[in-house]
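Input: a single structure, listed below in structure tokens.
These values consider heavy atoms only, across backbone and side chains, with no hydrogens, waters or symmetry-generated copies. We name chains A, B, ... by the order of the sequence lines, and we start the count at 1 in each one.
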Amino acid sequence: MGAVGDPQWVALVGGTSEIGLAVVMALAESGRLQRVVLAGRDPDGLRAAAQLTTVVTGSAAVRLVTFEATRTATHDSVVREMFQDGDLDVVILAAGELGDADAELTHPDEAVRLAEVNYVASLSVGLRVADRFRAQGHGTLVVLSSVAGQRGRASNFVYGSTKAGLDVFAEGLGARLHDDGVRVVLVRPGFVRSRMTAGRDVPPLASDPEDVGRAVVAALRKGQETVWVPPALRAVMLTLRAMPRGLFRRLPL
Amino acid sequence: MSPEARQLVTSWGRTAATSATVVEPTDLASMRTLVHADVARGVIARGLGRSYGDQAQNAGGVVVSTHHLDRVTALDVDAATVTVQGGVRLGTLMRVVSRFGLALPVVPGTRDVTVGGAVAADVHGKNHHRDGSIGRHVTRMSLLTADGTTVDLRPEDGDRELFWATLGGLGLTGIVLDVDLRLLRVPTRWMRVDTVRAGDLDAVLAALADGDRRRYSVAWVDCLAGGARAGRGVVTAADHADPDDVSGSGAPARGARGDPPDPDPPARVGIPPWVPPHVLNRWSVQAFNSAWFRAARSRTDALQAPSGFFHPLDAVTGWNRLYGSRGLVQYQCVVPDVVALSDLLDRLRRARAPVFLAVVKRFGAGNPGPLSFPQPGWTLAVDLGADVDGLGALLDAMDERVAMAGGSVYLAKDSRLAPELLPVFYPRLDQWRDLRDRVDPSRRWQSDLSRRLSL
């Protein structure tokens, strides 16, 4: 993707994700995007995202790929389609849901489904993309994790556990593929104001999808592998992680 | 091609490392078999890895080292010509020919490049205003082409289109196996150097124009100095010294007595493999540039060894490591007029970019190579850390100014150009592409650069 870290060929898995699209839009500012693949479930949402991408990039060719997170049997062909027009510099894994901790507690199937969407699907697509990256000898996987994966909280522990799994997976995958020319950028946002979090109380250190987009672009340019959004969360989480469980449990989080 | 042979490949800029199967054939026959091997992502030749960007990288494909092509096969002292294989290092060749009162007609800023690499980048030196780039001095070369045959190419007859497409062709027409090169007869091994410390850009440009009288001239400009000192620099101009200069009266420079200098001495210092991050920042670079400017003294006819004049940076092994783990980007452009040059320097200064001495020099006429870089005017080269804030946007803005002026950007150093600008900077690009389609329809020769720029 060049020395400065501005990619030309990009795919977004979770093609209608607000954060994912904000990353694509931020990448478009370099004027380098030539091909954009949007893989997602909702055809109308994908078409709208494609229009937005065309307008923002000016001339990028947009390919839409139907992607259903929970149907892992189809992921081989999804990834094949993503790479159909050639190499990809960057693949962003942004498919995910927030879930509802109250519902999950009483309906375990809900929790299983959330794990399939957030964790299993990312594994399934991430490993297939990694295989393609190894073959092409380069590539950067951008994985949208969350600070929720850093500690288990009463309010969103199922969601947090899916992100914790994803986080460790991404870190290890990056270590494994480092010598193959493949990079994994791990993004850990805090609360992001989006459709997914609409109606919830906004905590301190909240950010917007655009902030995440800018942070990812900056990380690609600087060669950073872990991105906290906002950056202050790094210190906050370091403190929270060191806290005993009894004390952490009592925090109003 | 076993995947076990895969390794990370990066070049002098140490940016955008990619993984490729690196092979080091020990003879021409095994090199030829590569051309017929089933290789989905193509093959690219690699010499000493001194291009700055992704020219000699080929992610997922094959990178073939030319290091076995290491012979100087024929030297005709009377005719001042040499036949040399593509993998020979220029420094080695300089030392060999210097024993016979000869020198290379064109010497780039480092002697750690191969003959094949020099042809593929159509390198220029400090004498471009007078002697052109290396292409002007190549009388024949043999090229291993995509169909596995070896063709002899000459600048004026036979397949001369392929000859010129190979000069500056970044290895995308084939592998340069050997080259006939016209050499320069020199009176001594010494250089007679004039130095002018110039207080602003006008003075630098005047001194450079005056330096045209000399065979070699170059200016080092301080991009960080502002106000009345903007564009200040040090201009050096030189000729090969005559025997009288060396033995004559006056005050010969230090070291001028005794043995004639080795044009390829070993490096004096090395940068350790591990360098703390951000050694080169705005403040350290500014301090260095000022100290270096103040240390320069205007003087004429000083004797200097060729290595000191041509390759000051070769004295420091691994200087690229000073830029830290993110590596460096070199940007080199040429513009026809001084207004554009001055604008470009202005942009760098306004961006407060930590440029560790910009190099400015005059270019003379270009050559027929469609991808050859030099054209008449002024060339500017700067090194910047790849992690400098806003680097992409700064260089894009400089590209725009270069395009407006009708200039060009050097592909041998590129690692970030927008592909749309390629036909603007290289108006004969279509001609080159047509020729490449003729000689390599199946894209046997590919590199990260060729994919990045859709070359």
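Using cut-offs of 30° and 60° for the angle between ring planes, the Phe67(A) and His75(A) rings count as tilted.
Each of Ser30(A), Gly139(A), Gly181(A), Ser59(A) has some count of heavy-atom pairs under 4.5 Å with chain B, and the biggest count is that of Gly181(A). Counting heavy-atom pairs under 4.5 Å between each of Val182(A), Asp87(A), Asp6(A) and chain B puts Asp87(A) at the top.
With a 4.5 Å cut-off on non-hydrogen atoms, Arg221(A) touches chain B through its backbone but not through its side chain. Contacts of Asp89(A) with chain B are absent, with no heavy-atom separation under 4.5 Å from either backbone or side chain. With a 4.5 Å cut-off on non-hydrogen atoms, Glu29(A) does not touch chain B at all. Looking at Asp414(B), neither its backbone nor its side chain comes within 4.5 Å of chain A, counting heavy atoms on both sides. Looking at Gln8(A), only its side chain comes within 4.5 Å of chain B, counting heavy atoms on both sides. Contacts between Glu420(B) and chain A at a heavy-atom distance below 4.5 Å involve the side chain alone, from C-beta outward. Arg14(B) does not touch chain A: none of its heavy atoms, backbone or side chain, sits under 4.5 Å away.
Partner of Val129(A) under the side chain to side chain contact (heavy atoms under 4.5 Å, CB included) criterion, chosen from Val78(A), Val91(A), Leu88(A): Val91(A).
Atom CZ of Arg134(A) sits in a sparse spot, with 12 or fewer heavy atoms from other residues, nucleotides or ligands closer than 6.0 Å.
For Arg188(A) and Ser146(A), the side-chain atoms include no donor-acceptor pair closer than 3.5 Å. Judged purely by distance below 3.5 Å, without hydrogens or angles, the side chains of Asp399(B) and Tyr331(B) pair a donor atom with an acceptor atom. Between the side chains of Arg451(B) and Asn58(B), at least one donor N or O sits under 3.5 Å from an acceptor N or O.
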